[in-house]
Amino acid sequence: MDVSSILDSLNNVQREAVSCDKKSLLVLAGAGSGKTRVLVHRIAWLVQVQGMPASGIMAVTFTNKAAREMRTRISELLHLSPQGMWVGTFHGIAHRLLKAHWHDAGLPENFQIIDSDDQLRMVKRLLKEFELDDSRWSPKSVQWYINGHKDEGRRAAHVDHHEDPYEKTLVKLYQAYEVACERSGQVDFGELLLRAHELWLKQPAILNHYQQRFQHLLVDEFQDTNTIQYAWLRVLAGHAIDITVVGDDDQSIYGWRGAKIENIQQFAKDFNDTFTIKLEQNYRSTSMILDAANAVIANNPERLGKNLWTEGALGEPISLYAGFNEQDEARFIVEQIQGHVSEDTLLSEQAILYRSNAQSRVIEEELIRAGTPYRIYGGQRFYDRLEIKNAVAYLRLSHFRDDDAAFERVINTPTRGMGNKTVEMIRNRAREQNVSLWRASEELLSECSLTKRASTALAAFVELINDCGDAAGRLALDELTEFVLEATDLQAFHGKETGERGRARVENLQELVNATRQFEPESDASSALREFLDTAALDAGDAQADEYTDAVQLTTLHSAKGLEFPVVYLAGVEENLFPHRMSVEEPGRLEEERRLCYVGITRAMRLLYITYAECRRWYGQESFNTVSRFVKEIPAECLHEVRVNTNISRPVSAGRPQFAAENETGLALGQRVWHSVFGEGIVLNLEGQGSNSRVQVNFDDEGSKWLVAAYAKLESI
DNA sequence: AAGGCAAATGTTTTT
DNA sequence: CATTTGCCTT
């Protein structure tokens with residue numbers, strides 16, 4: 001067996017990790033140390049050198065994106081598709097298990113996954129049912145409470161409320177929520193994990209089956225596992241299955257969501273024959289950047305301890321800029337970006353990272369003013385959009401009538417002349433008879449117990465869904481989607497929404513049709529709908545389109561984890577914002593903020609800028625902040641303070657800006673144009689390709705509008 | 001059932 | 001400050 005292709009490209013420590021033959025391996029992989037590489041090569045090692053069947057391997061990640069990347073890289077390295085191998089997210093794998101063993105897991109065969117939106121609706125309904133004042137019992141906090149316990153692996157029956165009346169009510173709500181989910185066959189994200197864990201505990205035969213099947217488990221981003229995920233892994237691995245976990249305690253930034261950094265330390269105690277390997281050689285950043293990162297993170301107590309180093313260049317010191325306000329800060333960043341562009345750095349090689357989403361606004365405005373294209377990474381996800389959820393809900397109902405969450409969502413969307421009280425009647429009936437909302441509707445209709453108007457409307461709805469269901473039987477997935485959009489009037493409904501938003505919604509719906517067209521079912525076309533719905537439930541459908549246009553990347557520090565950029569700007573690095581004021585008090589949270597800072601610094605390959613604003617308008621209030629304590633933790637020799645007044649204010653681009661994006665419409669950002677109806681204006685944004693391409697113009701007299709480039713007949717001035 | 005208005009609310013978000 | 005929400009009005 002030629003192992004050279006597996007080991008050649010690795011350093012000594014990586015090789016050791018890849019070929020380690022201990023039962024339990026913990027790889028502490030620093031930022032940029034090649035952890036995915038180690039994971040993928042280890043799988044190749046197990047299969048090609050140790051002769052393990054691919055079906056004996058399970059690789060678990062947190063995001064669908066990571067799972068996809070791993071699958072791609074495995075097939076590239078092994079020169080074959082990872083057939084039989086289980087590569088997926090915790091939730092995806094749990095879902096797969098529950099689908100296969102629904103009966104043993106105590107679920108109905110057609111159980112439905114609900115997202116946090118559906119979950120919130122359900123909580124709101126329960127609050128109303130219990131007649132609780134939702135100012136004292138905010139739906140969000142109840143949802144938070146429920147999910148928090150699920151993350152810890154606790155059902156309502158296990159929660160200790162300490163006889164505290166407030167908490168007693170919360171437990172009561174949690175219990176009612178469990179009952180409601182149970183009755184309607186709905187499963188939230190936390191429930192997937194909880195059930196999968198219970199499946200192991202309650203069905204030893206099934207557990208045994210998988211313990212026979214799998215010979216090696218691999219877990220990515222191990223520092224992000226929560227209690228229930230860890231417990232699930234531990235039971236599955238038992239004493240039989242070998243396990244490799246890869247993580248970095250210094251990059252644990254999801255503690256507030258239940259992730260338990262302690263799981264890394266716990267690993268050595270709970271698993272047999274453990275061995276730890278530290279990957280500390282960094283292939284990403286200059287040593288200047290690494291020195292800064294190391295110095296900052298060194299302030300955290302209770303680290304497992306790691307020091308990143310590189311054989312690469314020393315690099316430039318980090319530039320620190322103090323803006324006098326957030327506009328000035330943004331202006332500085334945009335200026336630097338353009339400066340780098342003229343020195344042959346692409347826009348897409350530069351990223352602006354910030355602590356909270358609200359910061360992006362000012363930066364965006366400045367980028368627009370300078371005519372610099374940008375792309376926001378993360379943020380609103382495709383399948384989270386209202387219009388997409390509505391469309392998907394119709395698809396779900398046409399596939400499976402008893403999907404109550406979908407029913408709730410679209411029963412009156414678009415409005416069809418049914419008041420709240422009709423819907424309430426349906427709910428009551430469903431609860432009394434212990435049937436789905438759909439069944440309840442049918443019963444009410446056949447009994448003629450509704451008013452004329454309500455029953456006509458409800459009958460029309462039932463017929464509509466049945467029509468869609470028929471269509472599902474005879475049409476391809478994309479044709480079905482088009483049919484549904486048309487028949488339900490959704491497209492028109494969303495198109496009617498005010499101005500620009502309506503247009504964007506219609507466009508997204510078209511994008512959904514596209515997505516269904518491109519969707520490739522794993523088995524055959526007949527299960528395409530079912531498979532697509534599963535994907536939509538568990539995969540947020542990460543960004544598509546305009547990945548081709550060269551644009552500055554904007555993202556929160558959290559979403560930046562795992563990414564890298566030649567030039568990075570950390571914006572708003574000031575006290576109260578970063579570390580966030582909410583985080584300084586609670587124990588342990590400041591450390592997490594510091595890790596977030598470490599994540600931010602280590603995203604940079606070549607150049608790093610840190611900026612802050614001495615004065616910032618925040619929620620309408622002016623606030624004066626000092627530079628973040630984290631900056632003070634960076635050694636002085638790594639920092640270079642950029643003087644004020646180096647920025648000469650440039651004239652606002654008249655004519656063609658230097659760094660404008662252009663597409664085939666021949667229009668460029670910042671360009672002045674003329675429209676036969678709206679008059680003169682300036683191009684703010686460009687979107688889409690070909691006949692779909694749209695352009696946002698801020699007209700001098702009419703304000704900002706989105707226009708379809710093909711029809712707008714814009715003339716440049 | 002839609003539009004208008006006041007009030008609430010505002011870290012981070014893998015699934 | 002600015003956006004979203006819910007309540008109230010027609």
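Residue numbers begin at 1 in each chain, while the letters A, B, ... track the order of the sequences. All of these numbers come straight from a predicted model, not from anything done at the bench.
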So which protein N/O to nucleotides 1-3 of chain C N/O distances come out below 3.5 Å?
| unit_1 | atom_1 | unit_2 | atom_2 | d |
| --- | --- | --- | --- | --- |
| C:dT3 | OP1 | A:R361 | NH2 | 2.3 |

### Summary
Residues at least two apart in sequence or cross-chain that pass side chain to side chain donor-acceptor pair (under 3.5 Å) with A:R303, listed by chain then number, are A:D250

### Message
Strictly below 4.0 Å: does A:T556 bring a side-chain N or O up to OP1 or OP2 of B:dT13?
### Response
yes

### Query
Are A:H91 and A:F62 near enough that their ring centres are under 6.0 Å apart?
no

### Message
On the nucleotide B:dT13, are OP1 or OP2 found under 4.0 Å from the side-chain N or O atoms that A:S116 carries?
### Response
no

### Query
With syn defined as a glycosidic torsion within 90 degrees of 0 and anti otherwise, which applies to B:dT11?
syn

### Donor/acceptor link under 3.5 angstrom from A:H580 side chain onto base of B:dT11
no

### Message
Quick check on the 6.0 Å ring-centre criterion: do A:H197 and A:Y230 meet it?
### Response
no

### Query
Got a sec? Which of residues 246-254 of chain A come in under 4.0 Å of DNA chain B, heavy atoms?
A:Y254

#### Entry: Nucleic acid contacts - residues 26-34 of chain A versus DNA chain B, non-hydrogen atoms under 4.0 Å
none

### Query
Is any side-chain heavy atom of A:L529 less than 4.5 Å from a side-chain heavy atom of A:L395?
yes

### Query
How would you list, by chain and number, every residue that makes a side chain to side chain donor-acceptor pair (under 3.5 Å) with A:D404, sequence neighbours excluded?
none

Polar atom pairs (N or O), protein with nucleotides 1-9 of chain B, under 3.5 Å:
| unit_1 | atom_1 | unit_2 | atom_2 | d |
| --- | --- | --- | --- | --- |
| B:dA1 | OP1 | A:G417 | N | 2.8 |

### Query
Quick one: does A:Q119's side chain get under 4.5 Å of A:Y177's, heavy atoms only?
yes

### Message
Starting the side chain at C-beta, find the nucleotide from B:dT11, B:dT13, B:dT15 nearest to A:E593.
### Response
B:dT11

### Task
Give the rounded distance in Å between these two atoms: CZ of A:R96 and P of B:dT15.
18 Å

### Task
Taking only the side-chain nitrogens and oxygens of A:N357, find out if one of them lies under 4.0 Å from OP1 or OP2 of B:dT13.
yes

### Task
Determine, step by step, whether A:N299 and A:E633 satisfy the side chain to side chain donor-acceptor pair (under 3.5 Å) criterion, reporting the C-alpha distance in whole Å, the side-chain angles of both residues, the deciding distance to 0.1 Å, and the verdict.
CA-CA 8 Å; A:N299 291 283; A:E633 293 168 1; 3.2 Å; yes

